[in-house]
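Source: prediction; values computed, not measured.
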Amino acid sequence: MIDINPMYDIAIIGLGPAGATVARLLDKNYKIIAIDKKGDGENSFRKPCGGLLAIDAQKALSKFNLTLPKEVLVDPQIFAVKTIDPKQELLRYYQRFYINLDRHKFDMWLISLIPKNIEIVDDSQCTGIKQVGEFYEITCTQNGLERVITAKQVIGADGSDSIVRKSLFPKRKIPQYVSIQEWFAEEHQVPFYSSIFDSEITDSYCWSISKDGYFILGGAFPKDSGRERFALLKEKLQRQGFSFGDPVKTEACLVSMPRGIRDFCVAKDGAFLTGEAAGFISPSSLEGISYALNSAYELAEVLNSDCKNPALRIRLKSIPMRIKLLFKYLKAPFMYRPFLRKLAMKSGVKSIKVME
């Protein structure tokens, strides 16, 4: 059964931090619909994420004069990251000011801030999008019902595997890794965060996070061998003293890894990308929430200005963010190349001594 809806001014695909922020900030005179996979049900989609709010994301929330409700916070709050290079037998602690949170509750809190004039279609999957003349036709499914929506403009805030990007910007592909996480009951006496670098496993990095009685192990791996490499990671870390029981759950998603200027793609005609869909994610740390919040703010500011060429305006406005991310890419070799990482860790610069 197909339900065809009247036209909207703007359709937003995805209500993660980028989509929820642009929805909250757009002018209330727009007729807006937002389509999102998430919902409150137990079996609803959950974004696979470590759930650490970095200092740049905290700064972005401060710019919006937002304070986190305690319901999104989880225990423990840890202030040092245990950095491990198993192959070179290196270990250092570095101070980091992350906030440990429940990522799904964080996303739902941001959605709760969206004005009531915006129509939200949750638990819904966008299955197709195409340009028809000067408008966009979006197909989505919810509870077995197919719905076709028309909009003058469309915003893709739907992450690394963005259907908006794939459909409307098919030539602008971005390198991707597969992110895999497993959750275990916490068995370590002292909770900790860790960053793990091992070039035999991945040329990106892996992580562990203690969270509300659970221990999360994850990593970003080449797509063609992710599960095998994740199994090798667990095997190596068990030899390092990590404790794993049977996994409570396993999560996976694609993650973007921008490597050059053409990996960023923000707009053409009446179609816009924001957050990770646009390529805005750190290639060194894979931190994306701060870029989602900031890029959404910039996009809303452009669309609210009613300028004649918003696609050109947002391309120009996003140049500083793209330059910042390219500098992050230049920083990445010091983390990911064994020789340079060894020099950095051996130097002890910015490391702290932790009493075991």
Would you name the heavy atoms of [X] and [Y] that are closest together and state the gap between them?
X    : Y    : answer
L325 : I281 : CD2-O, 3.4 Å
E298 : S318 : OE1-CA, 3.9 Å
I149 : I35  : CD1-CD1, 3.7 Å
L316 : P320 : O-CD, 4.1 Å
L233 : G218 : CD2-O, 4.1 Å
P17  : A292 : CB-CB, 4.0 Å

[X] (side chain) donor-acceptor with [Y] (main chain) under 3.5 angstrom:
X    : Y    : answer
K211 : G51  : yes
S162 : G156 : no
S208 : I216 : no
R172 : R262 : yes
D75  : G213 : no
R322 : F264 : no
R92  : M345 : yes

Checklist entry - Do C126 and I138 come close enough that some side-chain heavy atom pair is under 4.5 Å? => result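 The answer is yes, as the side chains (C-beta and beyond) meet within the 4.5 Å cut-off.
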Next on the checklist: Quick one, S210 and E186 - any side-chain contact, counting heavy atoms below 4.5 Å?
Outcome noted: yes
In terms of heavy-atom contacts, does [atom1] of [X] have more than 12 from other residues, nucleotides or ligands at under 6.0 Å?
X    : atom1 : answer
K105 : NZ    : no
E187 : CD    : yes
Y214 : OH    : no
K342 : NZ    : no
K63  : NZ    : yes

Next on the checklist: Please evaluate residues I120 and I111 with respect to the criterion side chain to side chain contact (heavy atoms under 4.5 Å, CB included), reporting the C-alpha separation (whole Å), side-chain torsions for both, the decisive distance (0.1 Å), and the verdict.
Outcome noted: CA-CA 9 Å; I120 297 177; I111 290 171; 4.1 Å; yes
Charged N-O contact under 4.0 Å between [X] and [Y]:
X    : Y    : value
K130 : E137 : yes
R341 : D85  : yes
R229 : E200 : no
E119 : R147 : yes
D269 : K152 : no
D198 : K236 : yes
E301 : K317 : yes

Between [atom1] on residue [X] and [atom2] on residue [Y], distance to nearest 0.5 Å:
X    : Y    : atom1 : atom2 : answer
L273 : C265 : CG    : SG    : 5.0 Å
D27  : N304 : CG    : CG    : 5.0 Å
Y136 : T150 : OH    : OG1   : 13.0 Å
T250 : I180 : OG1   : CD1   : 9.0 Å
L26  : I114 : CG    : CD1   : 10.0 Å
Q181 : L217 : CD    : CG    : 8.5 Å

Item to check | With K173 via side-chain contact (heavy atoms from CB on, under 4.5 Å) - residues at least two apart | outcome: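 For K173 there are no side-chain contact (heavy atoms from CB on, under 4.5 Å) partners, ignoring immediate neighbours.
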Item to check | Candidate pair L303 and I314, rule side chain to side chain contact (heavy atoms under 4.5 Å, CB included), full reasoning | outcome: CA-CA 9 Å; L303 294 178; I314 192 60; over 6 Å; no
Using the rule that Ile, Leu, Val, Met, Phe, Trp and Tyr join whenever any side-chain heavy atoms are under 4.5 Å apart, tell me whether [X] and [Y] fall into a single cluster.
X    : Y    : result
M108 : L66  : no
L312 : I319 : yes
V72  : F64  : yes

Checklist entry - Can S160 and Q176 be counted as having a side-chain donor-acceptor contact under 3.5 angstrom? => result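 A pair is found: one side chain offers a donor N or O, the other an acceptor, under 3.5 Å apart.
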Item to check | Distance-only donor-acceptor check, side chains T274 and S295, under 3.5 Å | outcome: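 Yes, a side-chain donor-acceptor pair sits under 3.5 Å.
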Checklist entry - Do the numbers put K234 on top of the ring of F242, so that NZ or CZ is under 6.0 Å from the six-membered ring centre and no more than 45° off the axis? => result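 No, K234 does not sit over the ring of F242.
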Next on the checklist: Do K31 and Y8 form a cation-pi contact, if we require the NZ or CZ to be under 6.0 Å from the six-membered ring centre and within 45 degrees of the ring's axis?
Outcome noted: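 Positive - K31 is close enough to the ring of Y8 and near enough to its axis.
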Checklist entry - For I10 and I155, what are the C-alpha separation, side-chain angles and deciding distance, and is it a side chain to side chain contact (heavy atoms under 4.5 Å, CB included)? => result CA-CA 7 Å; I10 299 173; I155 296 173; 3.8 Å; yes
Next on the checklist: Go through it in stages, so that I can follow the logic: the residues are I289 and F106, the test is side chain to side chain contact (heavy atoms under 4.5 Å, CB included), and I'd like the CA-CA distance, side-chain angles, deciding distance and then a yes or no.
Outcome noted: CA-CA 11 Å; I289 294 177; F106 176 72; 4.2 Å; yes
Item to check | Validation row, ring centre F192 to ring centre F215 under 6.0 Å | outcome: yes
Item to check | Residue pair Y177, F221: steps toward the ring pair (Phe, Tyr, Trp, His ring centres under 6.0 Å) verdict | outcome: CA-CA 5 Å; Y177 280 47; F221 311 98; 8.7 Å; no
